[in-house]
Amino acid sequence: MKKSILLLPIYILSLTISSCGSGAGSSATPPTEQSPQDITTEMFLAKFKKTASPYLFDINYQGIGKLEDAWTENDTKGRQVKMKTFHGIVYRGDSRNLLAICNSGGFKSRNDLTIRKNLYEAYGIGTDENGNISEGATGQSGVSTAKAFMNAVYYSNGHVYVIDSQNLLSFDMPTISIQYKGIDETGGEVNILNIPCDNIIGYYKVDAVDLNSIDSLATQNKIKATFIANPQYKLNKNLYSLMN
């Protein structure tokens, strides 16, 4: 068994859904844009909490980030499919704790992505044994994440991880689903080829809830979630500007 990762100070941010913001916004002087060089981890985490918390339990929230054109890929039937990436903050539910994930090298694809068939599945254009295109379904290829916390909490079993996808190959599955079906049937999925430990911003520790009534509990603000930062996160200062 690998040795434990180096223990560093952990920042804890309690979730306060009812907060309406700070008094700083009432200043008569417009705030100046923060220089990326001036941003600290503490500033980044504080802004993340302020930006994400009001929308945490909104299943329709489209997330913090930007959609970008990638390239055009041909599926196995010769159809040209436009690929897009989503770079920003995404969520992933997982039963494992942070130590176990980091000791295993982060979140990794179960299927070998050096095999073309699996790579296409990770793109959302894989082919099953009957020759049918997956149309946005990613199976065991890549690492499935969601733009909205609520689309990840169903798989959490206690942990919903917050991931910085800025410098990762992060493919937008709604883009694929809409091209084939005309609608998004993926729940806002972003499929990432692999996620190193230092791309994990932290995680929400979620109290045990009845998944059958989770939507109702979210509406009533009865889900308790506490954010715990990952001390190994490599601060991406460009992500700070996406959090408005």
Side-chain angles (χ1 to χ4, degrees), residues 62-77 79-96 98 100-129 131-157 159-181 183-201 203 230 233-234 236 239:
Q62 293 302 302
I64 299 168
K66 57 183 178 180
L67 202 59
E68 299 177 320
D69 292 330
W71 63 81
T72 299
E73 191 74 52
N74 290 331
D75 67 19
T76 55
K77 294 185 177 181
R79 173 174 177 164
Q80 288 193 329
V81 182
K82 293 181 180 179
M83 306 294 298
K84 291 191 176 184
T85 54
F86 181 83
H87 290 142
I89 292 176
V90 292
Y91 300 90
R92 176 176 172 82
D94 201 290
S95 61
R96 295 172 295 166
L98 180 62
I101 291 169
C102 288
N103 279 349
S104 64
F107 294 108
K108 296 182 178 180
S109 172
R110 291 186 180 182
N111 287 343
D112 183 357
L113 297 182
T114 63
I115 298 173
R116 188 174 183 83
K117 178 179 182 295
N118 296 337
L119 183 61
Y120 267 42
E121 184 176 57
Y123 290 165
I125 57 173
T127 308
D128 65 18
E129 60 275 10
N132 298 313
I133 305 298
S134 57
E135 301 180 347
T138 54
Q140 303 293 313
S141 299
V143 181
S144 178
T145 69
K147 297 174 188 174
F149 171 92
M150 285 299 295
N151 282 327
V153 74
Y154 294 101
Y155 309 96
S156 66
N157 196 16
H159 304 87
V160 175
Y161 287 89
V162 184
I163 296 157
D164 172 0
S165 72
Q166 280 279 85
N167 60 343
L168 303 177
L169 285 171
S170 312
F171 297 101
D172 187 71
M173 291 301 107
T175 296
I176 304 298
S177 181
I178 290 170
Q179 287 178 79
Y180 283 100
K181 303 176 182 179
I183 60 172
D184 173 23
E185 293 186 347
T186 72
E189 179 184 352
V190 176
N191 201 41
I192 304 177
L193 297 193
N194 67 81
I195 304 170
C197 179
D198 59 11
N199 276 83
I200 301 173
I201 298 170
Y203 65 94
N230 174 18
Y233 171 58
K234 186 176 180 180
N236 187 335
L239 184 55

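Below, each value reflects all heavy atoms present in this structure, side chains not excepted, and no hydrogens, waters or symmetry copies.
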Under 3.5 Å donor-acceptor, Ser170 side chain and Leu168 backbone: yes
Heavy-atom check, side chain of Leu113 versus side chain of Asn194, under 4.5 Å: no
Asn132: side-chain hydrogen bond (donor to acceptor under 3.5 Å, both in side chains) partners, not counting sequence neighbours: Asp128
CA sep, side-chain torsions, deciding dist, call: Val160, Phe149, side-chain contact (heavy atoms from CB on, under 4.5 Å): CA-CA 7 Å; Val160 175; Phe149 171 92; 3.6 Å; yes
Note, Ile176 side chain near Phe171 side chain (heavy atom, < 4.5 Å): no
Working for side chain to side chain donor-acceptor pair (under 3.5 Å), residues Asn111 and Ser109: CA-CA 5 Å; Asn111 287 343; Ser109 172; 5.9 Å; no
Given Asn199, Asp198, Asp164, the one that forms side-chain hydrogen bond (donor to acceptor under 3.5 Å, both in side chains) with Tyr233: Asp164
Residues that Tyr180 engages under ring pair (Phe, Tyr, Trp, His ring centres under 6.0 Å), provided they are two or more places apart: none
Where Asn191 and Ser141 come nearest, the two heavy atoms and their spacing: ND2-O, 3.0 Å
Shortest non-hydrogen separation from Gly124 to Ser134 and the atoms involved: O-OG, 3.1 Å
Worked check of side-chain contact (heavy atoms from CB on, under 4.5 Å) between Asp172 and Lys147: CA-CA 10 Å; Asp172 187 71; Lys147 297 174 188 174; 2.7 Å; yes
Residue pair Thr145, Ser165: steps toward the side-chain contact (heavy atoms from CB on, under 4.5 Å) verdict: CA-CA 10 Å; Thr145 69; Ser165 72; over 6 Å; no
Pair Tyr91-Val153, side-chain contact (heavy atoms from CB on, under 4.5 Å): steps then yes or no: CA-CA 9 Å; Tyr91 300 90; Val153 74; over 6 Å; no
By ring pair (Phe, Tyr, Trp, His ring centres under 6.0 Å) - contacts of Phe86 (at least two apart): none
Non-neighbouring partners of Arg79 that pass side-chain hydrogen bond (donor to acceptor under 3.5 Å, both in side chains), sequence neighbours left out: none
Basic-acidic side-chain contact under 4.0 Å: Asp94, Arg96: yes
Nearest-0.5 Å distance, CG of residue Asn167 to CG of residue Asn236: 6.0 Å
Set of residues satisfying side-chain hydrogen bond (donor to acceptor under 3.5 Å, both in side chains) with respect to Thr138, sequence neighbours excluded: Glu189
Heavy-atom side-chain proximity of Glu73 to Asp75 below 4.5 angstrom: no
Atom pair CD1/CD1 of Ile89 and Ile201 - distance to nearest 0.5 Å: 4.0 Å
Whether Tyr203 and Tyr161 hold their rings parallel, tilted or perpendicular, with breakpoints at 30° and 60°: tilted
Donor-acceptor contact present, side-chain Asn230 to main-chain Cys197, <3.5 Å: yes
Side-chain (Glu121) to main-chain (Lys117) donor-acceptor, under 3.5 angstrom: no
Residue pair Thr76 / Thr127, side-chain donor-acceptor N/O under 3.5 Å: yes
Considering all heavy atoms, the nearest Ala152-Ala146 contact: N-CB, 4.3 Å
Separation between CE of Met173 and CD1 of Ile125, rounded to the nearest 0.5 Å: 9.0 Å
Backbone N/O of Ser144 and side chain of Arg92: donor-acceptor pair under 3.5 Å: yes
Pairwise side-chain contact, Val90 with Ile192, heavy-atom cut-off 4.5 Å (strictly under): yes
Pairs flagged by side-chain hydrogen bond (donor to acceptor under 3.5 Å, both in side chains) wherever residues 80-89 is involved - sequence neighbours left out: Glu68-His87
